Chemist: 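Below you'll find the structure I mean.
No experiment lies behind these values; they were computed from the predicted model shown. The first residue in the sequence is number 1, and the count goes up from there.
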Amino acid sequence: MHIGTARTALFNWLFARHHGGKFLIRVEDTDRERSTDAAVRVLFDGFAWLELFSDEEPVFQFQRAPRHREVVEELLARGGAYRCFMSAEETEAAREQAKAEGRALRSPWRDRQPNDISAPAVVRFRVPDVEHVVVSDAVQGEVRFAAKDLDDLVLLRSDGTPTYNLAVVADDHDMGITHVIRGDDHLNNAARQALIYDALGWERPVFAHIPLIHGPDGAKLSKRHGAQSVGEFRDMGYLPEAMRNYLARLGWSHGDDELFSDEQAIRWFDLDQVGRAPSRLDFDKLAHVNAHWLRLADDDRLAKLTLEALMRRGHDLAEGDEDRLTRAVPFVKDRAKTILELADQCAFALSRRPLAFTDKAQAALTDEARDRLSRLRQRLGLFRSWDVFALEAEIKAFAEEEGVGMGKVGPPLRAALTGGAVSPDLAKILAALGQAESLARLDDALSSVA
């Protein structure tokens, strides 16, 4: 699922929730080569991760082909469509002639009655003889299209399969769709679809075409800009609530509000606040929004997500890892912007004994430091309140009794407990590791040879 598709789905979801309507999902799978089970699964995985669920059973367009053919028959009966028996070569020649004359394709079969309708043919839409097609768009305003630029599009291929513009009109009508909110790359389709609605005597839905998302440099979003799919953003460690918050602000605004909940977004969202200019993907702003939601997230949930990230990196789960991770997360989540950064911050808690020391950590473990650590280890072994605040007070009291500053206690203690890995404050390290693991790591450091 492309990030643009996700943003469009979110706008639909917010609009439906704001107005007390229904958010519906339709899989447009008439292109059978592209619509594999795997491709469809990726779409629904994206919806599930973003927590955007259809209010009714999702519709699969391909299954509705018989209904689409019924609609084509109705158009034929109304004179809004005609059978075209041009060969592929004749069609190409007619297209070239139309291009040379500065107009769209009009088939000679438009005004000709066939003698034998059993011969292979496509069914084309009959664009009415008007000067302009006017579409009232809730975002773009009134948009006018020259009718001469709209070809008599194929509604039904010669093998009986319906085409996109016909299928979506039939499905939107039958599903009771009142608002079609989609990317402005579909704006030209709106003119064609509006004419099909009119030809069938159906009421048009409200169209709302939102600008596309561009890269940070203002160019159309592409692979060179980095992540594009929802799955990539998930794997990079962003939270779904952060993505919803951030995507809502891409092309829509509520004053200067940048950080807001789903409930606030639902209360505020409407189409008159959607801009007409393309939005730019800003990874720094996304990281800022994600950091906000990381701080607010449940610690047990974050610990689970962090463990999954570590295991994707090849970490082998061992006894005690989950407990230490759960204890570590509250102490370090304010220092992370993504789950991957949180995994880096928590790595110290899952290091295997005996620890591998960095050069800097090894240098901190001098003979004097080891002697002092030995006395601290004995003291901590008798400690009963393994609470971060009590531990912090105990370390400070020890330094005072030793007659030294924390600069003589902190570095060797950190080295012994983490091997030099990124880590929080000393008391938080001890609290995250737990008493048994902390004492074992101290014992390893004291018994190692410099």
Side-chain angles (χ1 to χ4, degrees), residues 1-26 46-56 135-143 172 175-187 190 205-214 216 221 230 233-234 238-298 301 337-338:
M1 179 188 285
H2 191 275
I3 196 69
T5 306
R7 195 271 304 263
T8 301
L10 176 66
F11 278 19
N12 277 272
W13 183 81
L14 288 172
F15 184 81
R17 291 289 176 272
H18 176 80
H19 289 283
K22 291 181 178 180
F23 169 68
L24 305 182
I25 293 175
R26 182 174 69 236
F47 281 122
W49 182 73
L50 286 167
E51 298 172 3
L52 302 177
F53 300 104
S54 179
D55 292 319
E56 293 182 359
V135 175
S136 296
D137 192 278
V139 172
Q140 304 294 334
E142 185 177 278
V143 186
D172 283 348
M175 292 171 68
I177 299 298
T178 58
H179 292 73
V180 175
I181 306 172
R182 59 191 179 188
D184 63 9
D185 52 335
H186 281 282
L187 190 55
V206 175
F207 291 107
H209 290 86
I210 57 180
L212 303 183
I213 300 174
H214 287 184
L221 198 60
V230 169
F233 284 94
R234 177 195 59 212
Y238 296 103
L239 297 176
E241 58 266 39
M243 287 303 299
R244 292 195 298 272
N245 184 166
Y246 177 72
L247 288 176
R249 284 289 283 116
L250 279 182
W252 169 83
S253 64
H254 182 267
D256 295 327
D257 294 290
E258 294 284 349
L259 302 170
F260 44 81
S261 66
D262 290 337
E263 290 73 21
Q264 289 172 306
I266 289 169
R267 190 163 65 248
W268 297 337
F269 187 88
D270 220 333
L271 294 174
D272 58 359
Q273 295 157 317
V274 176
R276 296 185 185 182
S279 305
R280 294 194 182 192
L281 192 61
D282 186 330
F283 283 95
D284 289 336
K285 186 171 288 187
L286 173 57
H288 169 71
V289 173
N290 202 64
H292 168 77
W293 288 105
L294 270 176
R295 290 192 292 272
L296 297 181
D298 176 74
R301 174 189 171 211
K337 294 178 181 177
T338 67

Chemist: Using the side-chain contact (heavy atoms from CB on, under 4.5 Å) definition, which of the options Asp282, Leu239, Asn245, Leu294 pairs with Val289?
Modeler: Asn245
Chemist: Would you compute the distance between atom CG of Asn290 and atom CZ of Arg295 and round it to the nearest 0.5 angstrom?
Modeler: 10.0 Å
Chemist: Nearest heavy-atom pair of Leu271 and Ile181: which atoms, and what distance?
Modeler: CD2-CD1, 4.0 Å
Chemist: Nearest heavy-atom pair of Glu51 and Phe53: which atoms, and what distance?
Modeler: CA-CE1, 3.6 Å
Chemist: Looking at Phe269 and His18, what are the two nearest heavy atoms and their distance?
Modeler: O-CG, 3.1 Å
Chemist: Side chains of Asn12 and His179: donor-acceptor distance under 3.5 Å anywhere?
Modeler: no
Chemist: CZ/Phe15 to CG/Leu10 distance, rounded to the nearest 0.5 angstrom?
Modeler: 13.5 Å
Chemist: Rounded to the nearest 0.5 Å, what separates atom CG in Asp270 from atom NE2 in His19?
Modeler: 3.5 Å
Chemist: Using 30° and 60° as the class limits, which term best fits the ring planes of Phe233 and Phe283: parallel, tilted or perpendicular?
Modeler: parallel
Chemist: Please list, chain by chain and in numerical order, all residues satisfying side-chain contact (heavy atoms from CB on, under 4.5 Å) with Asp184, sequence neighbours excluded.
Modeler: Gln140, His209, Pro211, Leu212
Chemist: With Ala6, which residues qualify under side-chain contact (heavy atoms from CB on, under 4.5 Å), at least two apart?
Modeler: Met1, Leu50, Val230, Leu247
Chemist: For the residue pair Phe11 and Gly251, what are the closest heavy atoms and their distance?
Modeler: CZ-C, 4.4 Å
Chemist: Before accepting this row, confirm whether a basic side-chain N of the pair Lys337/Asp284 lies closer than 4.0 Å to the acidic partner's carboxylate O.
Modeler: no
Chemist: For a quick test of reading the model, state the closest non-hydrogen atom pair linking Thr8 to Arg182 and the distance between them.
Modeler: CG2-CA, 3.7 Å
Chemist: Whether the side chain of Arg234 engages the backbone of Trp49 through a donor-acceptor N/O pair (distance < 3.5 Å, no angle test) should be reported.
Modeler: no
Chemist: Name all residues meeting the salt bridge (Lys or Arg N to Asp or Glu O under 4.0 Å) criterion together with Glu142; count only those two or more places apart in sequence or in a different chain, and write none if there are none.
Modeler: Arg144
Chemist: Without swapping roles, check the side chain of Asp55 against the backbone of Phe23 for a donor-acceptor pair under 3.5 Å.
Modeler: yes
Chemist: Please check this pair: side chain of Arg249 against backbone of Leu259, looking for a donor-acceptor N/O pair closer than 3.5 Å.
Modeler: no
Chemist: Where the side chain of Arg280 meets the backbone of His214, is there a donor-acceptor pair that is under 3.5 Å apart?
Modeler: no
Chemist: Search all heavy atoms of Ile213 against all heavy atoms of Gly4 and return the closest pair with its distance.
Modeler: CD1-CA, 3.9 Å
